[in-house]
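Dropping a structure here in structure tokens format, bear with me for questions.
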Protein chains: 2
Amino acid sequence: MARKNLLEGLVDLPNDPPTVTNYPMRGAGKSLVRSLDDLAKQADKFLEGEAIVELDPDQVDASFVQDRISEDDAEFDDLKEAIRVRGQDTPILVRPHRSAEGRYQVVFGHRRLRAARELGRKVRAVVKPIDDRTHVIAQGQENSARANLTFIERALFARRLEDLGYDRDVIASALAANAALISKMMSVTERISASTIQQLGSAPGVGRERWLELSLLVGKASNEAKVSDVLRSPGFGELPSDERFSRLYGALNKSARPVRKVEAGAGKATWQPRDKAVQAEIKNTGKAFSMSMKAKNAGRFGEFLSNRLDALYEQFLAEEGNKGD
Amino acid sequence: MARKNLLEGLVDLPNDPPTVTNYPMRGAGKSLVRSLDDLAKQADKFLEGEAIVELDPDQVDASFVQDRISEDDAEFDDLKEAIRVRGQDTPILVRPHRSAEGRYQVVFGHRRLRAARELGRKVRAVVKPIDDRTHVIAQGQENSARANLTFIERALFARRLEDLGYDRDVIASALAANAALISKMMSVTERISASTIQQLGSAPGVGRERWLELSLLVGKASNEAKVSDVLRSPGFGELPSDERFSRLYGALNKSARPVRKVEAGAGKATWQPRDKAVQAEIKNTGKAFSMSMKAKNAGRFGEFLSNRLDALYEQFLAEEGNKGD
DNA sequence: GCGCTGATTTGTCAGCTGACAAAAACGAGG
DNA sequence: CCTCGTTTTTGTCAGCTGACAAATCAGCGC
């Protein structure tokens with residue numbers, strides 16, 4: 001369903017609500033922040049009118065869907081300190097555990113739970129029996145609303161939901177995203193394994209387009225060894241996440257570069273005619289040469305080239321002979 | 001717009017309305033025939049409540065969009081005979097000619113016009129001033145409704161509308177088809193030129209899937225000569241349309257087979273010059289193309305190719321342009 | 001500090017295409 | 001002639017992806 005439908009029936013909000021992300025945002029973020037604020041209010045509906053209880057944190061398990069790559073410790077420490085000083089304002093949402101009597105499972109509020117556990121306090125919670133589908137939608141929308149998950153964290157969440165068998169409509173609802181965006185997320189997480197993404201980190205400064213580009217590079221079998229090398233290189237894990245992304249991206253782009261003596265510019269040599277109906281990537285190591293083309297006329301132009309290789313080779317030999325060596 | 005929207009507000013009809021096609025139909029034709037009958041009624045709305053006049057056929061020009069590949073003479077003779085004996089039941093729809101005073105242009109009813117002309121009689125007509133957009137939608141829907149255009153005739157009609165600059169919504173309306181079907185029609189008529197389709201004929205026994213397959217075969221530059229040979233072979237034009245289609249399809253399918261001897265699976269070909277200083281592997285999926293070369297001269301020949309891509313592409317475009325479409 | 005420009009992110013539209021379902025024609029066998 | 005299986009047509013759904021627009025950040029010049 002379209003996100004606009006999700007927001008149907010909600011009170012109109014004033015323009016310019018406060019930005020709620022903890023990292024710089026670009027793109028059409030204004031409407032994003034606004035609609036995510038709407039989602040937050042919608043998620044809060046789960047809590048409305050429900051009795052709040054205090055639970056022992058040891059009685060509460062995490063959700064069956066992980067939604068975060070790692071904790072931002074500085075931000076978590078701030079949250080913990082605020083709770084220590086002021087107590088816990090907003091309850092978390094939990095549901096009765098499916099199979100463990102007397103235990104609960106977090107729908108949302110994982111960090112507040114962790115903070116309560118570390119502070120040695122009970123956690124204030126609303127207990128609500130909801131099914132798996134409602135659970136993941138609420139969790140996802142709460143996460144989208146609090147708007148501090150990066151593109152790749154959201155993509156991993158989507159991937160986990162698909163691996164758990166949810167259909168695209170549920171996933172789109174859980175992420176407040178349309179089908180096209182979900183599809184792009186699946187492309188990225190199909191080509192880049194979850195473990196590789198984990199090692200790269202949440203990359204707050206990297207958006208969808210660059211993740212898609214990296215996924216095409218990582219997805220090439222010929223780059224597999226290079227990916228492993230970069231991930232295992234000394235000190236890689238200690239770099240900031242964005243820098244790790246850049247290192248890998250640069251390395252894979254660069255692995256075509258020895259060939260790029262002829263051509264300046266980003267990545268392997270490329271070629272494109274004025275009508276842009278062919279996009280070619282060219283690799284030349286001297287001993288081996290490869291060229292791949294895509295876009296509208298790629299197939300027919302390739303066929304055209306294939307049929308003329310004999311003639312072109314004769315011409316090539318003639319020109320080499322004219323160089324007279 | 002979806003066809004269902006088109007039919008909104010119309011009276012529900014009984015099941016099993018009479019089949020109206022003049023050739024055997026397969027597939028989901030029941031709903032097709034029913035909805036086309038609805039379209040016929042809708043098209044008749046253009047005629048409702050309008051004064052019928054008698055026009056000299058020599059005052060009436062054809063539509064600016066051709067909708068038929070050729071006339072089925074037997075069927076036309078039947079129509080003409082019926083008009084001769086009983087007169088003309090249903091008026092045709094014309095609009096005042098845009099630029100020629102005192103002349104008219106047919107929206108629909110071309111065959112009835114022709115019959116009247118050949119019988120030396122006036123033609124009964126409704127004259128209605130409508131714009132180009134309404135004109136093509138009415139014409140298209142009338143044609144769809146009378147349901148005697150084959151897939152490829154409808155596809156050509158769609159192609160003509162696109163070439164005339166109408167957007168996809170208008171085209172979908174004119175053909176009572178959804179966007180996906182229009183897109184497939186565009187693919188076929190993009191790859192197979194109108195003149196080639198004309199020579200193959202309306203092919204009443206051939207559906208979308210086979211036309212799509214043929215279009216992929218015809219779209220291969222390597223098959224270009226073969227297409228010309230088959231179209232020019234003695235007696236080809238005298239064959240029934242379906243047989244002409246089969247002949248061309250068989251010839252192209254057969255001519256592709258020798259190439260794939262080398263490699264099973266997704267069409268991978270090889271190439272090697274006489275001096276064997278280059279070994280090339282070529283893969284072409286129609287949408288993407290890749291070629292890799294190794295051996296002694298691979299790098300230098302590859303560089304030679306890379307430096308000539310612009311010129312080769314111009315040559316490729318020129319040759320495609322010479323096909324005349 | 002401000003304005004401009006380029007780069008990037010995000011949301012979403014539109015087109016392409018594979019695939020599936022329903023219906024019907026055709027051929028073979030009884 | 002009837003039944004059954006196969007093949008084909010037609011309608012349409014769903015997913016993929018290119019591309020565009022809006023918004024914002026960063027860098028640079030004044």
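First the proteins, then the strands, lettered A, B, ... as listed; each starts at 1.
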* Structure fact -> Atom CG of B:L181 and atom P of C:dG15 are separated, to the nearest Å, by 14 Å
* Return the value, rounded to whole Å, for the distance between atom CZ of B:F245 and atom P of D:dT8. => 11 Å
* To do: Could you please name the option among D:dT12, D:dG11, C:dG15 that lies closest to any side-chain atom of B:S183?
  => C:dG15
* To do: Rounded to the nearest angstrom, tell me the gap between atom CE in B:M186 and atom C1' in C:dG15.
  => 11 Å
* Measure the distance from CD on A:E190 to P on D:dC16 and round it to the nearest whole Å. => 9 Å
* Take A:S215 and A:E190 through the side chain to side chain contact (heavy atoms under 4.5 Å, CB included) test and state the conclusion after the steps. => CA-CA 8 Å; A:S215 79; A:E190 178 71 29; over 6 Å; no
* **Contact under 4.0 Å: A:S187 side-chain N or O vs D:dT17 OP1/OP2** => yes
* Structure fact -> Taken to the nearest 0.5 Å, the spacing of B:M185 CE from B:I171 CD1 works out to 10.5 Å
* To do: Taking the side chain as every heavy atom from C-beta outward, state whether B:I152 and B:V206 have any pair of such atoms under 4.5 Å apart.
  => no
* Asked: Under 4.5 Å between any side-chain heavy atoms of A:L214 and A:R210, yes or no?
  -> no
* Asked: Is a donor-acceptor contact shorter than 3.5 angstrom present between the side chain of A:K184 and the base of D:dG18?
  -> yes
* Please tell me which of the listed nucleotides, C:dT8, C:dT10, D:dG11, lies nearest to the side chain of A:F151? => C:dT10
* Asked: Just how far, in rounded Å, is C1' of C:dC16 from CE of B:M185?
  -> 15 Å
* Under 3.5 Å donor-acceptor pair, B:R168 side-chain atoms to C:dG15 base atoms -> no
* Would you say a side-chain N or O of A:R208 is under 4.0 Å from OP1 or OP2 of D:dA19? -> no
* Asked: D:dG15 P sits how many Å from A:Y166 OH, rounded?
  -> 17 Å
* Send over the distance from B:E209 CD to D:dT10 P, rounded to a whole Å. => 10 Å
* Asked: Less than 4.5 Å apart, any side-chain heavy atom of A:L217 and any of A:Y249?
  -> yes
* Asked: B:A180 has a side chain; which of C:dT8, D:dT12, D:dT17 sits nearest to it?
  -> D:dT12
* Does B:R191 place a side-chain N or O at less than 4.0 Å from the phosphate oxygens OP1/OP2 of C:dT17? -> yes
* Specify the separation, in whole Å, of atom CD1 of B:I182 and atom P of D:dT10. => 14 Å
